Amino acid sequence: MQTLRMAVNWAGLLSIGVFYMIVLGTGIWASRKSKREEKKCTGNRSEVAMVGGRNLNIWVSIFTMTATWVGGGYILGCAEVVYDPTKGLVWATGPIAFIMNLIIGALFLVKPIRSKNYVTLMDPFQNKYGNSVAAVIFIPALLADILWIACVLGALGGTLSVVMNVSSRLAVGVSAAVAILYTLMGGLYSVAYTDVIQLMFMFLGLWFCVPFILTSPSSANITVAAVTKLYQEPWIGKLELEDTGRWIDDILLMAIGGICYQAFYQRVLSTATDKQAKITCYAGAVLCPILGMPSLIIGAVAASTNWNQTTYGSPSPYEQGKSGMILPIALQHLCPFYVSLIGMGALAASVMSSVDSALLSAASQLGRNIFKNIIYKQASEKNIIVVVKVSIFLCGLMGAGLAMMAKSVHLFWIVSADVMYSMMAPQVICIFYLSQRVNHYGACCGFVLALLLRALVGEPLIGLPDVLPLPWDKIQEDGHRYRFFPFRTVIMLIATGTILLVSGFAVWLSEKGLLRRISDAETDTDIHYMAPVGTDVEEKDRLNKEQSHLSSRGSNEEEDKC
């Protein structure tokens, strides 16, 4: 029996290895395409790496937008929530939230971010507030991207360790190395074209597994188990009146928090027109729930299964604390062997598609907004591209390191999402739609207050004490507060109000002469750091023009002397 298990594990590892080679090969091909585009592109070379030269094919844009959002956390999380007897389908808010997120992005954010040819989400902040304030606001965005990388890599490492009996650290290391390598090679082109392959693997692989899961002899009819207690509580779940606030908070956390990620804007900016960018968002809003449905079905089947009748045995995965790995466990024990291999390839694809996006997202902002605009303002295009590549490597290294050390993948997801929703969402809303009414004083106060309130509310997963009491709190047996109040949304609204109020008060003080004159970066005389970097040809033309101008001026002076 042990020999057979080892053979099964080696076959599984071989299938994952083949998938990784396909992805890496696609990334290498895309990197060559990226170099060809650099020669044709009339804009900056760094923009080819960051936003694909703003001419990415519409179909590729749709695939990469969808693949970025449908990552390992989404695929594993949907199945986990449905299977968990304390939650159920009603708490699987991911598909609803992602639909809202992409529609909001299309309706309200495509035009503002594209109107001034921005390259990253940090550009409008530097344009409005200057470098110092923008650098502070960038910290939570960078932290969220690194935690996102750690989350999805940790999910894959845990999955492979459960299903194939390999070290989770080995799985994390190999996956990170592959993602880093092809992202380094071709920037957005490599990320986008590998996303096409990965999305196809996800769609075909997961839906291929569904019929086999549904016909498993160990599982009861899922329609019966949805409303009847068989082996555990009904998987459809229930939503009590007191839970409404928390349920809404969870949806808005992903729906509004998602518009704060650079990965979203990178895809919006990579298309040629506003219309194409909006089509990309709307198509992603349709595809995200379709790709989430297999996970929901697998979670429902797992909740309807008598695990004692499977090769897994008893106690059940939930009783062993392995609800987070229910999707790969179900693939392994409820499907034929060859089917489970295809499902594992689909799962690996979902993880890789999110890692590369987060890597490029963080590196683009580090290269352009921190290195070029703050550290070394005279940086050439080559300098920027080198910094972007070094940043990709370092961010991948940090994310993989966190994934190897942490015990809870869910912890990373919570912290990343909270940071973006509580601290970044108010800033993004104000910079795009209330720009004339805010200034750097308000932005700083709103940022600090959001950070302080979120810290006082606490987070048991990271050992942060819950100091601040809220309405409807329920004290648990371990002494921690269970929060029914939608505190994340309230913190976001308070921070937004604070930005507006403090900005208005600062303007009043300035008019009274009690505060130095408020001057935004965009109205300042020293704004050369926001100027785009010219191409090598443009730089030579500029120098030639300057030399010819100096020569002609010198000859004119000689004539005057004569």
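As the structure is a prediction and not an experimental result, all values here were calculated from the model.
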Would you say the side chains of Tyr421 and Thr489 form a donor-acceptor pair under 3.5 Å?
yes
Any donor and acceptor pair, going by atom type alone, linking the side chain of Trp307 with main-chain N or O of Ala302 inside 3.5 Å?
yes
Using modelled atom types and a 3.5 Å cut-off, is there a donor and acceptor pairing between side-chain atoms of Gln262 and backbone atoms of Leu121?
yes
Could you walk me through whether Glu242 and Trp472 pass the side-chain contact (heavy atoms from CB on, under 4.5 Å) check?
CA-CA 8 Å; Glu242 63 180 4; Trp472 314 327; over 6 Å; no
One should read off an interatomic distance between Asn308 CG and Tyr231 OH, to the nearest 0.5 angstrom, of 10.5 Å
From Leu334 atom CG to Thr311 atom OG1, the distance as rounded to the nearest 0.5 Å:
8.0 Å
Find out whether Asp473 and Tyr482 are in side-chain contact, i.e. whether some heavy atom of one side chain is under 4.5 Å from a heavy atom of the other.
no
Does any non-hydrogen side-chain atom of Cys288 lie less than 4.5 Å from one of Leu102?
yes
Determine whether a donor-acceptor pair (N or O, by modelled atom type, separation under 3.5 Å) exists between the side chain of Asp466 and the backbone of Arg481.
yes
Is the backbone N or O of Gly88 less than 3.5 Å from a side-chain atom of Glu233, with the two atoms forming a donor-acceptor pair by type?
no
Is it the case that more than 12 heavy atoms not belonging to Phe108 sit under 6.0 Å from its CZ atom?
no
Hey, is CZ on Phe208 packed in by over 12 heavy atoms from elsewhere, all under 6.0 Å?
yes
Quiz question: by atom type and distance under 3.5 Å, do the side chains of Thr68 and Arg267 form a donor-acceptor pair?
yes
Within-4.5 Å side-chain heavy-atom neighbours: Trp148 and Leu359
no
Distance-minimising heavy-atom pair for Gly237 and Val90
C-CG1, 4.0 Å
side-chain contact (heavy atoms from CB on, under 4.5 Å) evaluation trace for Ser270 with Val60
CA-CA 10 Å; Ser270 67; Val60 177; over 6 Å; no
Student check: side-chain heavy atoms of Leu239 and Trp91 closer than 4.5 Å
yes
Would you please test Ile297 and Trp207 for side-chain contact (heavy atoms from CB on, under 4.5 Å) and show each step?
CA-CA 10 Å; Ile297 294 171; Trp207 276 109; 4.3 Å; yes
Heavy atoms of Ile103 and Ala285 approach each other most closely as CG1-CB, 4.1 Å
Judged by modelled atom types alone, do Ser61 and Gln276 share a side-chain donor-acceptor pair under 3.5 Å?
no
Consider side chain to side chain donor-acceptor pair (under 3.5 Å). Of Ser316, Ser218, Ser219, Ser216, which one does Thr305 pass it with?
Ser219
Distance in Å, Asp356 CG paired with Leu184 CG, rounded so as to fall on 0.5 Å steps:
11.5 Å
Would you say Gln320's side chain and Pro315's backbone share a donor-acceptor pair under 3.5 angstrom?
yes
Where do Tyr182 and Val191 come nearest, in terms of heavy atoms and distance?
CE1-CA, 4.5 Å
Does the side chain of Pro317 come within less than 4.5 Å of Met325's, by heavy atoms?
no
Tell me which one of Ser323, Pro328, Cys151 satisfies side-chain contact (heavy atoms from CB on, under 4.5 Å) with Leu76.
Pro328
Using a 4.5 Å cut-off on heavy atoms from C-beta on, say whether the side chain of Ile326 contacts that of Tyr318.
no
Backbone of Ala179 reached by a side-chain donor or acceptor of Thr183 within 3.5 Å:
yes
Going by distance alone, is a donor N or O of one side chain under 3.5 Å from an acceptor N or O of the other, for Asp250 and Thr93?
no
Donor-acceptor under 3.5 Å (Trp235 side chain, Ile222 main chain):
yes
Say you draw a straight line from OG1 of Thr228 to CD1 of Ile236; how long is it, rounded to the nearest 0.5 Å?
11.0 Å
Kindly compute the distance separating CD1 (Ile392) from CG (Leu360), expressed to the nearest 0.5 Å.
5.5 Å
Out of the candidates Ile213, Leu214, Leu206, only one should pair with Val210 under the side-chain contact (heavy atoms from CB on, under 4.5 Å) rule; please name it.
Leu214
Side chains of Tyr74 and Val70 in contact at under 4.5 Å (non-hydrogen atoms):
yes
What's the separation between atom CE in Met254 and atom CD1 in Ile99, rounded to the nearest 0.5 Å?
11.5 Å
Using only atom types and a distance under 3.5 Å, with no angle test, would you say the side chain of Arg114 pairs donor to acceptor with the backbone of Val268?
yes
Using every non-hydrogen atom in the two residues, find where Ile75 and Leu291 come nearest and quote the distance to one decimal.
CD1-O, 3.8 Å
For side-chain contact (heavy atoms from CB on, under 4.5 Å), just list the numbers for Gln365 and Asp145, CA-CA rounded to whole Å, side-chain angles, deciding distance to a tenth of an Å, and then say yes or no.
CA-CA 11 Å; Gln365 294 178 102; Asp145 277 334; 4.1 Å; yes
Using modelled atom types only, decide if a donor and an acceptor are shared between the side chain of Arg246 and the backbone of Arg483 within a distance under 3.5 Å.
yes
Under a 3.5 Å distance rule, please check whether Tyr265 uses its side chain to pair with a backbone N or O of Ile259 as donor and acceptor.
yes
Nearest atoms (heavy-atom pairs only) where Met65 meets Cys281:
CE-SG, 4.1 Å
Can a side-chain donor-acceptor contact be found between Trp69 and Asn101 if the only test is distance below 3.5 angstrom?
yes
Heavy-atom side-chain contact between Ser364 and Val51 under 4.5 Å
no
Of all heavy-atom pairs between Ala417 and Leu253, which one has the smallest distance, and what is that distance?
O-CD1, 3.6 Å
